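So the structure is just underneath, and the comments pick up after that.
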Amino acid sequence: MEYVNPEGLRLDGRRPMEMRQIRAEIGSVAKADGSALFEMGNTKVIAAVYGPREVQNRSQQISDKALVRCEYSMANFSTGDRMRKPKGDRRSTEISLVIRQTMEACIMTHLMPRSQIDIFVQVLQADGGTRSACINAATLALADAGIPLRDLVTSCSAGYLNSTPLLDLNYVEDSAGGPDVTVGFLPKLDKVTLLQMDSKLSIDLFENVMQLAIEGCKAVANYIREILLENTKQLEYRRGL
Amino acid sequence: MREIQLSLNKTQKIRLQRALEKLESLSSKVNSHASVTIADSIPVSYEDGVLKGHGTLDFNGELVSTVCGVVERVNKLVYVRTLRAKYKPEVGDIIVGRVSEVAQKRWRLDINYSQDAVLMLSSMNLADGIQRRRTALDELNMRSIFEEDDVICAEVRGFQYDGLHLQARSQKYGKLQRGQLLTVPPYLMKRRKQHFHHLDQYGVDLILGCNGFIWVGEHVEARDDMVEDQEKKPELQNTKSQKNSMSLEDQERTYTPIETRQNICRIANAIRVLSTLGFNITAEVITETVNLSSSLNLDIHQMLGSEFCVLVAEGEAERRSLTKRKG
């Protein structure tokens with residue numbers, strides 16, 4: 001199948017180096033301590049953060065840092081074919097683990113000993129790149145909850161189809177079976193915290209594709225930062241002196 | 001951006017927008033540049049020496065914020081004040097909490113902090129007001145003082161090795177009954193001299209806990225009926241069946257007149273409106289909002305409607321611009 005046509009356009013009309021439109025909204029869950037909605041094109045993800053709060057299961061309590069938990073789930077209506085998925089299937093357990101590890105790396109857990117932070121992410125609409133969207137949503141929600149972070153983690157995917165590196169794959173491109181690199185990136189510290197790849201890619205091409213994904217992460221980070229600053233200003237002036 | 005979740009019609013939307021813009025223009029002159037987000041670097045001059053405070057991190061010799069908030073500078077100390085974070089207790093804060101567990105010689109309270117707070121039996125005044133060692137019998141009777149899910153008012157005593165400790169060594173602290181507990185974001189509360197308010201005209205007590213828990217309840221006369229309670233207790237314990245079927249006298253005592261209940265609801269709704277709008281919550285603002293609602297002859301349930309919200313926002317903008325002109 002042709003994923004990039006001779007004019008250099010992809011199936012959804014984007015250029016190879018172009019990202020989908022991103023949109024974010026803070027405070028979409030009223031009862032949560034922090035929450036956010038994040039959209040990358042047709043992929044739509046909601047995240048809610050509770051805590052730091054008292055540890056529910058005393059035996060899991062860590063005396064010098066906070067316990068971070070994460071739960072990823074996909075809404076039944078998120079995909080084209082409506083399947084009833086059992087809770088805790090392998091895919092969602094794996095993604096929960098990935099998100100948890102990525103977020104734990106940037107949360108300053110030692111500042112909140114003997115407490116617990118719960119992150120819940122749910123995919124409302126899936127169109128490829130749910131992993132990245134979930135990480136971005138979780139970052140926004142954590143920032144909204146006022147939890148100290150070393151840096152904003154952002155994530156973006158990139159792939160390689162028809163001998164062209166492509167940024168931010170959608171569902172059709174994702175299911176083509178080509179290489180798919182997901183990167184989690186700390187823009188300020190200039191460090192990679194998450195790197196996953198499906199399929200194979202030669203080393204010099206991989207460098208290229210990864211660099212492309214990192215560029216995508218930086219773009220997301222700029223957008224997230226704008227949203228957060230706007231939100232902070234609003235809260236401040238509304239509260240008054 | 002945090003949207004206010006209300007269903008507004010077109011004119012209301014524009015009016016609210018205008019009121020909020022007015023608020024923005026009033027505050028922007030003070031410090032618009034001081035807002036930071038995560039991983040923004042904070043400009044400081046290292047010649048003067050810098051003390052890193054909360055919410056900051058040293059990154060390659062650069063001061064970087066770790067939370068979203070407003071940069072505050074006190075002499076050499078530089079810290080970031082977070083908006084929308086969990087409550088951070090300080091010694092002497094007056095808080096309202098809910099008992100989550102009765103444990104050995106202590107109650108655990110949920111106070112909207114990252115851990116549960118501890119109220120020791122020994123840091124409570126006993127009902128009879130006598131100072132003495134707490135015996136095993138006292139420990140067994142702990143549930144007669146506070147049970148699970150009771151709402152309590154107390155003061156922060158300090159941090160000990162096993163967590164945050166509270167104390168309730170005065171008649172004004174203790175169990176809160178016959179009222180409503182409201183939760184608002186703790187950054188809307190300010191530390192004041194006075195957190196207990198008796199709103200005379202409504203016969204209502206208002207306790208503004210620093211942790212964002214607000215108690216609105218019927219006015220209680222300095223709680224000196226505790227002594228009375230003690231005298232009645234023995235007979236109550238003897239006949240447990242009597243405890244359930246309240247005597248007529250008891251019913252009389254627990255009865256709250258309908259006007260008071262309506263006043264409680266009105267004040268509670270005023271607080272709800274203020275918290276959805278994200279305005280600072282003080283006793284003056286609350287009474288002002290309540291007066292506004294009663295002067296408009298609004299029913300209690302209408303206060304949560306969008307029209308009243310817009311009116312409150314406009315009123316707040318007006319009020320702040322007035323105080324600005326004075327100052």
Side-chain angles (χ1 to χ4, degrees), chain A residues 24-31 33-37 50-55 61 63 66 106-108 111-117 139-140 142-153 186-190 221 224-241, chain B residues 1-5 20 23-28 30-32 34-41 54-57 59-60 62 64-70 80-86 100 108 110 112-116 162-163 185 187-188 190 276-281 313 316 319-320 323-324:
Chain A
E25 198 181 296
I26 292 180
S28 32
V29 185
K31 278 281 171 196
D33 290 315
S35 59
L37 187 82
Y50 294 86
R53 60 181 177 185
E54 184 79 12
V55 182
Q61 185 171 305
S63 62
C106 75
I107 298 173
M108 300 173 83
L111 296 178
M112 298 156 278
R114 281 180 274 166
S115 56
Q116 160 180 332
I117 298 168
T139 312
L140 268 172
L142 282 171
D144 181 39
I147 293 170
L149 305 175
R150 287 197 180 80
D151 196 355
L152 291 168
V153 217
L186 301 172
K188 181 84 181 177
L189 307 176
D190 203 24
I224 283 184
R225 190 155 291 169
E226 263 173 43
I227 292 280
L228 282 175
L229 195 61
E230 178 66 24
N231 183 52
T232 315
K233 277 187 181 158
Q234 274 220 359
L235 285 176
E236 176 63 16
Y237 79 68
R238 245 186 241 168
R239 195 187 70 129
L241 298 171
Chain B
M1 205 184 332
R2 181 169 297 275
E3 306 272 328
I4 295 174
Q5 281 160 357
L20 292 178
L23 287 180
E24 188 178 8
S25 68
L26 285 172
S27 68
S28 63
V30 187
N31 47 1
S32 58
S35 306
V36 286
T37 61
I38 291 166
D40 276 351
S41 56
H54 286 296
T56 60
L57 187 72
F59 171 68
N60 293 345
E62 189 184 357
V64 166
S65 73
T66 60
V67 287
C68 295
V70 180
V80 181
R81 180 164 51 82
T82 50
L83 302 164
R84 264 191 72 75
K86 282 254 163 173
S100 60
R108 282 185 201 287
D110 172 22
N112 197 21
Y113 177 49
S114 63
Q115 294 157 40
D116 282 355
D162 59 342
Y187 74 92
L188 297 177
K190 247 189 169 176
T276 47
L277 286 168
F279 293 156
N280 229 349
I281 293 171
E316 178 77 7
R319 200 177 64 85
R320 277 191 211 169
T323 50
K324 186 100 173 179

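Note that this is a predicted model, so its numbers are computed, not measured. Throughout, protein chains are lettered first and strands after them, A, B, ... in sequence-line order, and every chain is numbered starting at 1.
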Side chains of [X] and [Y] in contact at under 4.5 Å (non-hydrogen atoms):
X      : Y      : answer
B/K86  : A/P52  : yes
B/S35  : A/L229 : yes
A/L149 : B/T66  : no
A/R225 : B/D40  : yes
A/Y237 : B/L20  : yes

Between A/P187, A/A221, A/S115, which shows the greatest number of heavy-atom pairs under 4.5 Å with chain B?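 The option with the most such pairs is A/S115.
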If we define contacts as heavy-atom pairs under 4.5 Å, which of A/I224, A/L186, A/D151 has the most with chain B?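 Most heavy-atom pairs within the cutoff with chain B belong to A/D151.
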A/Y50: which residues meet the ring pair (Phe, Tyr, Trp, His ring centres under 6.0 Å) condition with it, sequence neighbours left out?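 A/F120.
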Considering only heavy atoms, which portion of [X] lies under 4.5 Å from any heavy atom of chain A: side chain, backbone, both, or neither?
X      : answer
B/F279 : both
B/V80  : neither
B/L57  : side chain

Do you know which two heavy atoms are closest between A/P148 and B/V67, and how far apart they sit?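 Looking at all heavy atoms of both residues, the shortest contact is CA-CG1, 3.5 Å.
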For A/A145, what residues pass the side-chain contact (heavy atoms from CB on, under 4.5 Å) criterion, not counting sequence neighbours?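 For A/A145 the side-chain contact (heavy atoms from CB on, under 4.5 Å) partners, ignoring immediate neighbours, are A/D33, A/V49, A/I147.
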Could you tell me the separation between the [atom1] atom of [X] and the [atom2] atom of [Y], rounded to the nearest 0.5 Å?
X      : Y      : atom1 : atom2 : value
A/E54  : B/Y113 : CD    : OH    : 10.5 Å
A/K233 : B/E24  : NZ    : CD    : 8.5 Å
A/N231 : B/T37  : CG    : OG1   : 11.0 Å
A/R238 : B/L188 : CZ    : CG    : 10.5 Å

Main-chain N/O of A/P113 paired to B/Q115 side chain as donor or acceptor, under 3.5 Å: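 Pair found, side chain donor or acceptor close to backbone of A/P113.
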Output, in order, the C-alpha distance, side-chain angles, deciding distance and verdict of salt bridge (Lys or Arg N to Asp or Glu O under 4.0 Å) for B/R84 and A/E236. CA-CA 10 Å; B/R84 264 191 72 75; A/E236 176 63 16; over 6 Å; no
Any idea which of B/A85, B/G163, B/G55, B/A313 has the most non-hydrogen atom pairs under 4.5 angstrom with chain A?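 Result: the option with the highest number of such pairs is B/A85.
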State plainly whether the residues B/E62 and A/K188 are in salt-bridge range, i.e. N to O under 4.0 Å.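 A salt bridge is present here (some side-chain N lies under 4.0 Å from a carboxylate O).
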